[in-house]
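One structure is given here, and the rest of the page talks about it.
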Amino acid sequence: MSKLIMNRRRLLATGAAFGASPLFAPALRAQSGPVKVAGIHASPVENAWNSVLHAAMVEADAEGVIEYTFSEGVSGTDYPRAMREFAEAGNLLIVGESYAVEREARTVAADYPDTAFLMGSSGEASGDNFGVFGTWNWEAAYLGGMLAGAMTETGVVGSVGAIPIPEVNMLINGFADGVKSVNPDATHLVSFIGTFFDPPKAREAGLAQIDAGADILFGERIGTADAAQERGIKAIGSLINYTPRYPDTVFANALWNFRPLVNAALADATAGNPVGKNYTPLSLMEDGGNDLMLVEGVAPPEAVANMLEVRAAIMAGEFEVPRNFDEPA
């Protein structure tokens, strides 16, 4: 089991965008040439969350499955216009995020019933063509929390998140639950930076947690590991593989893989089936949607063995990591 995770780490380290390539999702093969797919990113594609989406679609483009075009750094006020432009351009599927523009995004989708939309959202799917997904790598975050709880020497760990929306809350709560499962007396510090992309602000939040005693940080936001690196402590990354950028700091990453989700939505769209559904469950660990990447030799062997036991139970459907969408206390 440990060798499997390490082999996967080496594979991911060679991929695009910090190694943010799929874990083990099968490629979707085009039946009659590539179809047009657009990505609309509210943040730069270097942002961890966006980079996972971007890498999945770049890979599908390289395989000849899709023709991928994208816009990045699209503001909320400009988002509906970008959706309309890509729909008018004949894209079969438009992938994006409607967290800040839920009502407007659904209005646009209703105006283009022949275009499929797959949007990161805290809401429900609507109509036949507006599908949604959330970011479910909380199972991997739980496993990372188990390691952090076993490794902390101060008894204090920290998490730096973006905004307390359900998906972010669930991820941070998953990490905290993992910590508490092995170290019930540990203290968990939580900070939200109020935006999805501000690495300097995430760094400052991480430094404040370190000053408060944290000796391991969970970086839900990019920039957290900068604080850990600066102060010489360990960190756990989220969504993508941060270890190549912080080789002596980030010893584990709670990876998320978007390829199973986009594959399923694309298969529905090309078959003429409704995409107005929730694709989030394809992020489950047992489906290849998330997993923990571990650097060998950093965490104590006993802690790793314990974590791998739980990982095997998750994969076998024998253990379900609690889902807690409440804002972390």
Side-chain angles (χ1 to χ4, degrees), residues 1 5 23 48-49 52 99 120-124 132-152 155-192 209 214 216-221 224 235-239 252-258 260-261 278-294 299 302-329:
M1 190 79 70
I5 296 177
L23 302 180
W49 188 88
V52 175
Y99 297 107
S121 172
S122 296
E124 299 297 327
V132 297
F133 67 91
T135 310
W136 278 11
N137 59 325
W138 95 106
E139 294 169 310
Y142 181 93
L143 299 179
M146 291 182 65
L147 297 179
M151 293 170 62
T152 179
V156 182
V157 300
S159 294
V160 177
I163 299 170
I165 60 174
E167 290 80 11
V168 173
N169 294 343
M170 182 173 69
L171 181 61
I172 292 176
N173 287 329
F175 172 78
D177 287 340
V179 172
K180 295 290 187 179
S181 72
V182 299
N183 192 342
D185 297 325
T187 298
H188 178 223
L189 306 176
V190 181
S191 301
F192 292 101
Q209 291 183 349
I216 298 177
L217 297 182
F218 175 61
E220 194 276 326
R221 285 298 104 184
T224 308
I236 296 172
S238 179
L239 299 176
N253 294 276
L255 300 175
W256 178 51
N257 180 21
F258 185 64
L261 287 75
N278 188 343
Y279 290 87
T280 306
L282 292 172
S283 289
L284 290 172
M285 187 177 290
E286 64 184 5
D287 294 319
N290 79 100
D291 208 344
L292 187 74
M293 186 231 83
L294 178 64
E302 300 82 3
V304 173
N306 187 28
M307 180 275 293
L308 289 175
E309 234 179 84
V310 174
R311 178 183 180 273
I314 295 171
M315 295 289 286
E318 298 168 356
F319 177 72
E320 184 174 338
V321 178
R323 301 178 193 176
N324 182 357
F325 294 101
D326 296 335
E327 182 173 345

Query raised in the report: If only atom types and distance count, is the side chain of Lys180 paired as donor or acceptor with the main-chain N or O of Ala186 below 3.5 Å?
Result: yes

Requested in this report: Name all pairs fulfilling the ring-ring contact (aromatic ring centres under 6.0 Å, His included) condition that reach into residues 157-181, sequence neighbours left out, sorted by first residue then second.
Outcome: Phe175-His188, Phe175-Phe218

**Report entry** Rounded distance [0.5 Å steps], CD in Glu139 versus CG in Leu292
**Finding:** 11.5 Å

Query raised in the report: CE of Met307 to CD of Glu302: how many Å apart, nearest 0.5 Å?
Result: 13.0 Å

Query - Side-chain heavy atoms of Leu217 within contact of Val157, under 4.5 Å - result: no

Report summary line: Exactly one of Phe258, Tyr99, Tyr279 clears ring pair (Phe, Tyr, Trp, His ring centres under 6.0 Å) with Phe133, and that residue is Phe258

**Report entry** Side chain Asn173, main chain Asn169, donor-acceptor under 3.5 Å
**Finding:** yes

Query raised in the report: Where do Leu255 and Leu239 land on the side chain to side chain contact (heavy atoms under 4.5 Å, CB included) test, with the steps shown first?
Result: CA-CA 4 Å; Leu255 300 175; Leu239 299 176; over 6 Å; no

**Report entry** Exam field: side chain Glu220 to backbone Ala162, donor-acceptor pair closer than 3.5 Å
**Finding:** yes

Requested in this report: Kindly compute the distance separating CG (Asn306) from CG (Leu147), expressed to the nearest 0.5 Å.
Outcome: 9.0 Å

Query raised in the report: Which pair of heavy atoms, one from Ala148 and one from Ile236, lies closest together, and at what distance?
Result: CB-CD1, 4.1 Å

Report summary line: Thr224 and Val160 have their tightest heavy-atom pair at OG1-CB, 3.4 Å

Query raised in the report: Can you name the nearest heavy-atom pair linking Pro260 to Gly288, along with the distance?
Result: CG-O, 4.2 Å

Report task. Determine, stepwise, if the pair Asp177 / Trp138 fulfils side chain to side chain contact (heavy atoms under 4.5 Å, CB included). Result -> CA-CA 10 Å; Asp177 287 340; Trp138 95 106; over 6 Å; no

Query raised in the report: Where do Ala214 and Leu189 come nearest, in terms of heavy atoms and distance?
Result: CB-CD1, 4.4 Å

Can you give me every donor-acceptor pair (side chain of residues 319-329, partner residue at least two apart or in another chain, under 3.5 Å) with its distance?
| residue | atom | partner | partner atom | Å |
| --- | --- | --- | --- | --- |
| Asn324 | OD1 | Asp326 | N | 2.9 |

Report task. Given side chain to side chain contact (heavy atoms under 4.5 Å, CB included), test Ile172 with Phe192 step by step and report yes or no. Result -> CA-CA 11 Å; Ile172 292 176; Phe192 292 101; 3.9 Å; yes

Requested in this report: Could you pull out all residues at least two apart from Ser122 that satisfy side-chain hydrogen bond (donor to acceptor under 3.5 Å, both in side chains)?
Outcome: Glu167

Query raised in the report: Are any of the side-chain nitrogens in Asp291 or Arg311 under 4.0 Å away from the carboxylate oxygens of its partner?
Result: yes

Query - Asn137 (side chain) donor-acceptor with Trp256 (main chain) under 3.5 angstrom - result: no

Query raised in the report: Are side-chain heavy atoms of Val179 and Met146 found at a separation under 4.5 Å?
Result: no

Query raised in the report: Where do Glu286 and Ile314 land on the side chain to side chain contact (heavy atoms under 4.5 Å, CB included) test, with the steps shown first?
Result: CA-CA 7 Å; Glu286 64 184 5; Ile314 295 171; over 6 Å; no

Report summary line: d(Asn290 CG, Leu143 CG) to nearest 0.5 Å is 8.5 Å

Query - Short side-chain to backbone donor-acceptor contact, Thr152 and Gly149, under 3.5 Å - result: no

Requested in this report: With rounding to the nearest 0.5 Å, note down the distance linking OG1 in Thr135 to CG in Leu171.
Outcome: 8.5 Å

Query raised in the report: Does the side chain of Asn253 come under 3.5 Å of the side chain of Ser238 through a donor N or O and an acceptor N or O?
Result: no

Query raised in the report: What closest approach, in Å, do Val132 and Ser121 show between heavy atoms, and which atom pair accounts for it?
Result: CG1-CB, 3.8 Å

